[in-house]
Protein chains: 2
Amino acid sequence: MARQAQKQESGDERIVARLAAAIHEHRLAPGVKLNEDEVGEVYGVSRTVVRAALQKLAHMHLVDLRRNRGAFVAQPTVKEAREVFEARALLEPRTARSAAERMTEADIALLQRHIDDEHKALDAGDTGRALHLSGLFHIEIARIADQDTIAEFITQLVSRSSLIIALYWQRRAALCESHAHDALLRALAAGNGPLAEELMKSHLLDLLTSLDLRARGSVPQSLKEALSE
Amino acid sequence: MARQAQKQESGDERIVARLAAAIHEHRLAPGVKLNEDEVGEVYGVSRTVVRAALQKLAHMHLVDLRRNRGAFVAQPTVKEAREVFEARALLEPRTARSAAERMTEADIALLQRHIDDEHKALDAGDTGRALHLSGLFHIEIARIADQDTIAEFITQLVSRSSLIIALYWQRRAALCESHAHDALLRALAAGNGPLAEELMKSHLLDLLTSLDLRARGSVPQSLKEALSE
DNA sequence: GCCGCATAAATCGTATACAATAATGATCAC
DNA sequence: GTGATCATTATTGTATACGATTTATGCGGC
């Protein structure tokens with residue numbers, strides 16, 4: 001019941017949302033080409049609006065726009081992956097501290113619901129949805145801190161993290177982070193800013209170290225892999 | 001000789017650069033409407049490319065896109081102004097520290113040249129250009145730190161700062177910041193990361209406090225002001 | 001049989017045309 | 001004279017059409 005019937009969304013917003021969701025849930029793998037005509041036909045709009053949507057996604061680094069070549073689902077490099085988490089490490093801990101000092105009962109309930117849903121999704125084996133909810137948890141904290149500018153950056157970084165995790169995540173089974181979110185919420189609810197900051201910092205570090213950034217991402221680099229479908 | 005003849009720029013990039021420059025130099029005041037037809041005629045392109053450019057500028061928060069109403073030069077609120085500088089305070093000091101640890105002779109020379117040009121512009125009374133160069137100084141530090149992701153954020157924040165300064169700057173005469181840049185460069189050149197971090201932090205704080213964020217921006221809020229032209 | 005080049009197909013970049021929406025001004029009632 | 005309603009105008013939103021560039025394909029030479 002948060003951002004429901006906006007009703008006046010500008011056409012391309014719908015396409016952006018659909019494509020972003022598809023990328024987050026990995027229904028669209030990194031490197032996949034997004035043909036303007038095809039996308040337009042799928043959603044029943046012309047190339048004009050598709051192009052606008054692709055441009056917005058390119059701003060978020062979710063797609064890579066190559067001149068006269070087209071749009072492709074982004075394939076974050078190892079360097080980019082590190083940078084995204086370094087940026088998060090700079091932004092999120094302090095934001096969590098601010099959030100702790102502003103938490104309301106409604107905020108606590110909302111975050112608790114996020115965590116519950118996340119656990120449910122995990123139990124149901126839907127790791128894609130769990131990851132999505134996990135991201136929303138972080139974004140919600142930025143919103144609670146009432147820092148729209150930083151929240152926008154974090155939203156983008158979380159989105160990109162989703163792609164990065166899709167590429168470099170190794171031990172998918174052990175989603176240890178849900179416990180991290182539990183502890184974080186306790187600190188936030190208690191209004192313990194410094195603790196929330198520290199927990200967020202180590203949480204992000206855990207996330208980064210759980211990625212295997214030495215190997216190339218598990219994207220079909222070679223054709224043979226891609227054809228084993 | 002940095003980013004000269006790219007030659008293969010995608011059309012709208014030119015419009016983005018021109019409009020951004022115009023906004024930075026405040027040849028376009030906050031709140032001014034950017035009619036698609038007019039802009040297109042000025043630069044000899046169709047509305048299609050103008051719209052793409054406006055969308056990019058909107059992503060940087062340099063223009064405000066209102067549905068079915070058009071594009072307007074952004075008018076950052078007081079809250080937004082604070083948020084921008086808070087975000088910079090989170091990102092730039094640590095980035096300056098990283099830069100200090102990576103400085104090369106070429107980087108030092110480049111930054112020195114920026115400062116020199118800034119002083120020259122000040123002596124010539126061209127505060128607009130001085131402000132622009134001052135922004136480039138910050139962006140260059142992020143580039144030196146080899147953090148593309150953070151550099152992109154800082155670029156956007158510096159751009160927005162330019163608008164904010166246009167709105168809320170009070171003591172234009174005393175551009176004390178140039179000295180701050182001198183000290184910062186010395187710390188960077190000496191490879192003194194912690195000092196650079198500290199200097200950047202206080203520099204940003206100085207900038208923020210030099211703004212008058214209690215009053216509304218000096219934009220024609222009332223019609224009478226606007227008509228006294 | 002393999003490589004390079006010319007031609008053909010596909011796709012993107014841009015311009016133009018039409019439709020939908022909001023702003024403006026005029027007419028009429030009161 | 002003031003207010004509201006409706007017609008007109010202007011501007012944005014979207015679709016389509018054309019040109020430019022890239023990619024794929026087929027041919028000839030080596």
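Numbered from 1 within each chain, the chains take letters A, B, ... in sequence-line order.
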Output the single nucleotide from [options] whose closest atom is nearest the side chain of [X].
| X | options | result |
| --- | --- | --- |
| V45(A) | dA15(D), dG13(C), dT12(D) | dA15(D) |
| K33(B) | dG13(D), dT14(C), dT12(D) | dT12(D) |
| S46(A) | dT12(D), dT16(D), dC12(C) | dT16(D) |

Atom-to-atom span, [atom1] of [X] to [atom2] of [N] - whole angstrom:
| X | N | atom1 | atom2 | answer |
| --- | --- | --- | --- | --- |
| N68(B) | dG13(D) | CG | P | 5 Å |
| E36(A) | dA17(D) | CD | C1' | 15 Å |
| E41(A) | dA10(C) | CD | C1' | 15 Å |
| Q55(A) | dC12(C) | CD | P | 14 Å |
| R66(B) | dT12(D) | CZ | P | 12 Å |
| R67(B) | dG13(D) | CZ | P | 7 Å |
| D64(B) | dT12(D) | CG | C1' | 15 Å |
| R47(B) | dA19(C) | CZ | P | 15 Å |

Exercise for the section: Respond yes when some side-chain nitrogen or oxygen of R51(B) is under 4.0 Å from OP1 or OP2 of dG13(D), and no when none is. Expected result: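 True: R51(B) side-chain N/O within range (under 4.0 Å) of dG13(D) OP1/OP2.
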Exercise for the section: Compare side-chain N and O positions of N35(A) against OP1 and OP2 of dT11(C) and report whether any pair is under 4.0 Å apart. Expected result: yes
Exercise for the section: Under 4.0 Å between any heavy atoms, over every strand shown, what does D37(A) touch: base, sugar-phosphate, or nothing? Just pick one. Expected result: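 Result for D37(A) = nothing.
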Practice task
Might you work through the salt bridge (Lys or Arg N to Asp or Glu O under 4.0 Å) test for D117(B) and K120(B), ending with a clear yes or no?
Solution key: CA-CA 5 Å; D117(B) 289 347; K120(B) 268 182 237 164; 3.7 Å; yes
Handout entry: Modelled atom types, side-chain donor and acceptor of E152(B) and H61(A), under 3.5 Å
Key =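 Result is yes, a qualifying pair exists.
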Exercise for the section: Would you kindly check if the NZ (Lys) or CZ (Arg) of R66(A) is within the cone defined by 45 degrees around the ring axis of F72(A) and under 6.0 Å from the six-membered ring centre? Expected result: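 R66(A) over F72(A) ring: yes.
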Problem - Aromatic contact, F137(A) with H114(A) (centres under 6.0 Å) - result: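 Between H114(A) and F137(A), which both carry aromatic rings, the centre distance is not below 6.0 Å.
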Exercise for the section: Let me know, please, whether T48(A) or R69(A) comes out on the 5' side of the other along DNA chain D by nearest nucleotide. Expected result: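 First, find each residue's nearest nucleotide; the 5'-ward one identifies T48(A).
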Practice task
Let me see the working for K79(B) and D148(A) under salt bridge (Lys or Arg N to Asp or Glu O under 4.0 Å), right down to the final yes or no.
Solution key: CA-CA 9 Å; K79(B) 178 170 188 294; D148(A) 295 341; 3.6 Å; yes
